[in-house]
Amino acid sequence: MSHFSLHDSQRRATVPFVPLDPEHIKIYYCGPTVYDLAHIGNLRAMLTADVLVRTLRHLYPRVTFVRNITDVDDKITARARDNNEDIATLTERTTHEFHADLAAMNVIPPDIEPRATHNIDEMQHLIARLVAQGHAYEADGHVLFSVESFPSYGALSGRNPEELVAGARVEVATYKKHPGDFVLWKPSSEDQPGWDSPWGRGRPGWHIECSAMSHRYLGESFDIHGGGSDLMFPHHENERAQSMCCFPGGKFANYWVHNAMLLVEGEKMSKSLGNFFTIRDVLKQAPAEALRLLLLSAHYRSTLNYTQAGLLEARKTLDRFYRALAAGPVPRTEAPEGVLKALSDDLNTPAAIAELHALASKALAGDRTAAGALKAGADMLGLLSEDPEKWFRGESSDEDTEIQALITLRLEAKKQRDFAKADALREQLQGMGIILEDTRDGTEWRRA
RNA sequence: GGUCCGGUGGCAGAGUGGCUAUGUAGCGGACUGCAAAUCCGCGUACGGGGGUUCGAUUCCCUCCCGGACCUCCA
């Protein structure tokens, strides 16, 4: 078995991955807040988790992957109000859209996908425990976590509470004992979602839900906790504080995985710059696998520059890979060593893709074992899952007959060495978005 | 202001104390009636300046530039 190394954000180093229990790997990822369509930045985090889980599944007999849905949040409440719809309608619809988008991207669903609103009791239980243990206090209707009660607060993100005070760009609520204290429970007005609690009708703070759900489904200690690097502080830092104070005997997450952000055409993706892409936006203009390959073409801890040119390049790369598969039979093969080695080295997807290129070249040269290895290796990355013919031609349609007829006419013209006519027919097809490839055995076609 | 990451060939993007990925674009060639696809060849990159070393893109220092985070954010 290959040695799997993973970069742990807390240790700030790439270290050998040592499972808590090699028979059962447990991983938790922060899922979406369901108030809007997922964008390609969200997708990068989901893909990082996906490749991580695929790799772990290959190396270990059992992996439990938990990814939550945040369906109570002030952003949700605000959006529902703007849309003039029920909160539940908004969150249900957005959750379905999220699932559909990830399915289109060939992302493996989590084993357990808990919803925050189904875990309010668990959250209250944790909060009560924190209060009882002196890690949390009630103030002005809120329950707050006391960062000073947890000596290692800041260890994950590498900051200390004093620094946070100096740079804070948000005004500190007066009822906080320490400016870094954060909300565990907050009171709800009549028009806000709320649940009865020992501290009055209210709703949970953002961070407590992940502590509650990871504990409920994975226990006091689990192997990996992941998310985007922007979640490291404050979200993950706070989760860690809550959970470790609640369960001093546990380790909470043993490894922390954080993916870097992405840029769009060299700039930060933002709605005001007009370069904000949802998964759906991209899928209108390119196949899902092209987007997937593009996002995996940079290492997850590097900033990735998403560009239109890159999307086209990814598609061309896949064309070549699919050609390599289509060139002959594709035997079932074990995942190739080179790909496994790359992925075992902190999920080095660019190196894994380079292996795929080498295999594709061999396959195109007639090595069908390499074609099998290409398929198996690509599968580790969730790529090349389509039928090559479908990849090149799309779903078969009535148009195919017409295309075939024009091709036959052109072959006739060619036979009579009427190249002007043959070229005219080829141009006509090109106008229909069809590219021809003459081979020894006839003429193949594909969509541009 | 604080903390932390980066700067690699036209572009994308790995990696390494000496053998300088991979892809794409470009150029030349083979194949083809012409294309497309495929194949062959070419272009020797590591922000600037110091230092350590027999040797640095890789280690150290410094400067410049970019980015992230500092309680909305994948």
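Side chains are part of it too, since the values below use all heavy atoms of this structure and drop only hydrogens, waters and symmetry mates. The chains referred to below are lettered A, B, ... by the order of the sequence lines, with proteins before strands, and numbering in each begins at 1.
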*Can you tell me, in whole Å, how much space there is between the P of B:rU24 and that of B:rA36?*
15 Å
*Separation of A:L304 atom CG from B:rA74 atom P, in whole Å?*
17 Å
*Go through the N and O atoms of the side chain of A:R12 and the base of B:rC4, and report whether any donor-acceptor pair is under 3.5 Å.*
no
*Is the distance between the ring centroids of A:Y255 and A:H225 less than 6.0 Å?*
no
_Suppose you measure atom P in B:rG6 against the same atom in B:rC59; what distance do you get, rounded to whole Å?_
10 Å
_Any non-hydrogen side-chain atom of A:M432 less than 4.5 Å from a side-chain atom of A:E402?_
yes
*Answer yes or no: does a side-chain N or O of A:R320 lie under 4.0 Å from OP1 or OP2 of B:rG23?*
no
_So for A:R323 and B:rA37, does any side-chain atom that can act as donor or acceptor lie under 3.5 Å from a complementary atom in the base?_
no
*Do A:V282 and A:L311 have side chains that get closer than 4.5 Å, going by heavy atoms?*
yes
*Taking only residues two or more places apart in sequence, or in another chain, which ones meet A:D438 in a side-chain contact (heavy atoms from CB on, under 4.5 Å)?*
A:R410, A:K414, A:T443
_With a cut-off of less than 4.0 Å, is there a side-chain N or O of A:N42 near OP1 or OP2 of B:rC73?_
no
_Distance between C1' atoms of B:rG67 and B:rA25 (Å, rounded)_ = 27 Å
*Return yes if the base of B:rG15 and the side-chain atoms of A:N348 contain a donor-acceptor N/O pair under 3.5 Å, otherwise no.*
no
*Hey, does A:A354 reach any base, or is it just sugar-phosphate, or nothing, if we go heavy atoms under 4.0 Å?*
base
*So, A:E389 and A:R446, do they make that salt bridge, N to O below 4.0 Å?*
no
*Pairs counted as Watson-Crick or G-U wobble with both distances under 3.5 Å: what dot-bracket string results for RNA chain B, using | for bases tied to another strand?*
(((((((..(((.....[...))).(((((.......)))))....(((((..]....))))))))))))....
*Salt-bridge test for A:R447 and A:E399: reply yes if a basic N is under 4.0 Å from a carboxylate O, no otherwise.*
yes
*P-based separation of B:rG13 from B:rG17 [nearest Å]*: 23 Å
*With rounding to whole Å, what would you report as the distance between B:rU3 and B:rG9 at their C1' atoms?*
33 Å
_Side chain A:D36 and base B:rC73 donor-acceptor under 3.5 Å_ = no
*Looking for any heavy atom pair under 4.0 Å, which part of the strands does A:K414 touch: base, sugar-phosphate only, or nothing?*
base
*Answer yes or no: does a side-chain N or O of A:N305 lie under 4.0 Å from OP1 or OP2 of B:rA12?*
yes
*Determine the interatomic distance between P on B:rA21 and the same-named atom on B:rU53; round to the nearest Å.*
29 Å
*asked:* Between B:rG66 and B:rU8, how far apart are the two P atoms, rounded to whole Å?
replied: 14 Å
*asked:* Using a 4.0 Å heavy-atom cut-off, does A:R315 contact any base of the nucleic acid, only the sugar-phosphate backbone, or nothing at all?
replied: nothing
_Distance, rounded to the nearest Å, where A:L356 contributes CG and B:rA14 contributes P_ = 16 Å
*Taking only the side-chain nitrogens and oxygens of A:S302, find out if one of them lies under 4.0 Å from OP1 or OP2 of B:rA14.*
yes
_Looking at A:K316, I'd like to know whether one of its side-chain N or O atoms comes within less than 4.0 Å of OP1 or OP2 on B:rC11._
no
_Using the side-chain heavy atoms of A:D230, tell me which of these nucleotides is nearest: B:rC69, B:rA14, B:rG33._
B:rC69
_Which residues share a side chain to side chain donor-acceptor pair (under 3.5 Å) with A:R79, sequence neighbours left out_ = A:D36
*Between B:rA68 and B:rC60, how far is it from one P atom to the other, in whole Å?*
25 Å
_Rounded to whole Å, how long is the line connecting atom CD of A:E313 with atom P of B:rC11?_
13 Å
